[in-house]
Amino acid sequence: MASIRTKDLARAAGISVQQVRNYEAQGLLPRVARRPSGYRHYTPQHLAAVRVARLLMRAYGGGRALRLLRAVHQGRLAEGLAVIDEQHAERDRLRHRLKQTLAALRSLAALLPEDDVWRRPTRLRVGAAARLVNERVSALRFWEQLGLLQPDREPGSRYRVYDAHQLRRLRVLVLLRRAGHDFASVRAVLDELEAGQPQQAVAMIEKQREALDRRAWLCLEAAAALHAYVVEHGSGSALDPVPIGKPD
């Protein structure tokens, strides 16, 4: 098999000689043989492994890429596939949360009037705040326990007091709950609104969704490269392909 010098491997892969040695030490590369002279004996498989490793690190992060390629090079392909599934499951959960948050934000943007009187300086005790939104005091206390509201306390009496900021959070909370959104969505929306208006928060979530789509594409690219690498070089214990039956 053709032998590749360390510097030539680094140049072909677009990385430094030290990075090649780091990849080897970390287990991102298959075992490297030594020539009688003591120099490393790299092969085209090592070059392919470096390229796959860089794609995997960009798509899945350094930690997952390391776990994945170590498993593949140690003949534990199933463990490597589990790492891929883990990342995809996390991304699916995040996509679902963003979808829920975006729906709640759009609902809120439609419900809030242009003239937001809740921005005026106001301080109300809990009873008055509850009457203002037509809710029970017990509901406000429950939402406080959940961490969705953080009213101040009056010095001396220790009564709960809602300032303009907390009243706005309360109003948003009530609107979203009445629109049928769960507490997880409400919490996400309240967090997003700390940075601005509903329309601004919607734009931020849209950007997060676009970033998620870009990451999904990178993962697809990296998984395809890994598949080709395993098939060509026989790394790990290749699984038999599932036969595709004829359409009914």
Side-chain angles (χ1 to χ4, degrees), residues 59-64 86-219:
Y60 293 93
R64 280 201 173 99
E86 177 185 282
Q87 166 75 359
H88 291 184
E90 285 185 10
R91 196 168 61 248
D92 182 66
R93 287 192 294 270
L94 177 56
R95 192 182 296 279
H96 178 72
R97 286 199 301 271
L98 290 177
K99 181 180 178 181
Q100 295 284 81
T101 303
L102 192 57
L105 280 166
R106 285 175 172 159
S107 173
L108 179 63
L111 291 169
L112 282 175
E114 292 295 328
D115 180 21
D116 191 354
V117 298
W118 297 79
R119 289 189 172 278
R120 298 173 186 172
T122 308
R123 287 181 66 83
L124 298 177
R125 287 184 175 180
V126 63
R131 288 192 296 274
L132 201 59
V133 294
N134 196 26
E135 283 288 348
R136 301 185 306 275
V137 170
S138 59
L140 273 63
R141 288 175 176 161
F142 176 62
W143 296 334
E144 181 185 347
Q145 291 173 3
L146 293 179
L148 300 172
L149 300 172
Q150 298 90 31
D152 294 330
R153 295 278 185 163
E154 279 185 348
S157 68
R158 304 299 296 162
Y159 283 120
R160 291 174 174 83
V161 178
Y162 290 77
D163 59 14
H165 176 67
Q166 289 300 311
L167 287 172
R168 183 168 184 264
R169 287 180 67 92
L170 174 61
R171 184 189 185 202
V172 169
L173 199 163
V174 170
L175 286 173
L176 292 179
R177 288 296 290 162
R178 289 175 182 169
H181 297 285
D182 60 22
F183 284 120
S185 296
V186 171
R187 187 185 302 277
V189 169
L190 289 173
D191 290 343
E192 293 293 339
L193 288 177
E194 293 296 329
Q197 294 292 320
Q199 294 82 358
Q200 293 173 307
V202 166
M204 290 172 58
I205 293 294
E206 289 286 11
K207 287 183 180 179
Q208 291 180 49
R209 291 214 309 182
E210 291 172 5
L212 193 63
D213 290 340
R214 288 193 294 271
R215 175 56 64 86
W217 185 257
L218 291 176
C219 288

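Only this structure's heavy atoms are used, side chains among them; waters, hydrogens and symmetry mates stay out. Bear in mind the structure is a predicted one, so any value in this text is a computation, not a measurement.
Salt bridge present: Asp213 and Arg95 bring a charged side-chain N and a carboxylate O closer than 4.0 Å.
Across Leu124 and Ala128, no two heavy atoms sit closer than the pair CB-CB, 4.1 Å. What you find for Ala59 and Arg215 is that their closest heavy atoms are O-CD, 2.9 Å. In terms of heavy-atom proximity, Asp182 sits nearest to Arg177 at CA-NH1, 3.7 Å. Closest approach of Glu135 and Ala139 over heavy atoms only: OE1-CB, 3.9 Å.
Going from atom NE2 of His165 over to atom CD of Gln150 covers 7.0 Å, rounded to the nearest 0.5 Å. One distance of note links CG of Leu148 with CD of Gln166; it measures 10.5 Å at 0.5 Å rounding. How far CG of Leu98 is from NZ of Lys207: 14.5 Å, rounded to the nearest 0.5 Å. Within the model, atoms CZ of Arg136 and CZ of Arg141 stand 12.0 Å from one another, a figure rounded to the nearest 0.5 Å. Note that the OH atom of Tyr162 and the CG atom of Leu132 stand 12.0 Å from one another [nearest 0.5 Å]. Taking CG of Leu170 as the reference point, atom CG of Leu140 lies at 5.0 Å (rounded to 0.5 Å).
Ring geometry for Phe183 against Phe142 counts as perpendicular: the plane angle is over 60°, on a 0 to 90° scale with 30° as the lower cut.
Taking the salt bridge (charged side-chain N to carboxylate O under 4.0 Å, His left out) definition, one finds that Asp152 meets it with Arg123, sequence neighbours left out. In terms of the salt bridge (charged side-chain N to carboxylate O under 4.0 Å, His left out) criterion, Arg214 has no residue partners (sequence neighbours excluded).
Residues Arg187 and Leu146 have side chains in contact (heavy-atom distance under 4.5 Å, counting atoms from C-beta outward). The side-chain heavy atoms of Arg153 and Arg160, taken from C-beta on, include a pair separated by under 4.5 Å.
In this structure, Arg91 contributes its side chain and Leu212 its backbone to no donor-acceptor pair below 3.5 Å.
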Chi angles and distances behind the salt bridge (Lys or Arg N to Asp or Glu O under 4.0 Å) call for Arg209, Glu206: CA-CA 5 Å; Arg209 291 214 309 182; Glu206 289 286 11; 3.6 Å; yes

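Sparse packing is recorded around OH of Tyr159, with 12 or fewer heavy atoms of other residues, nucleotides or ligands lying under 6.0 Å away.
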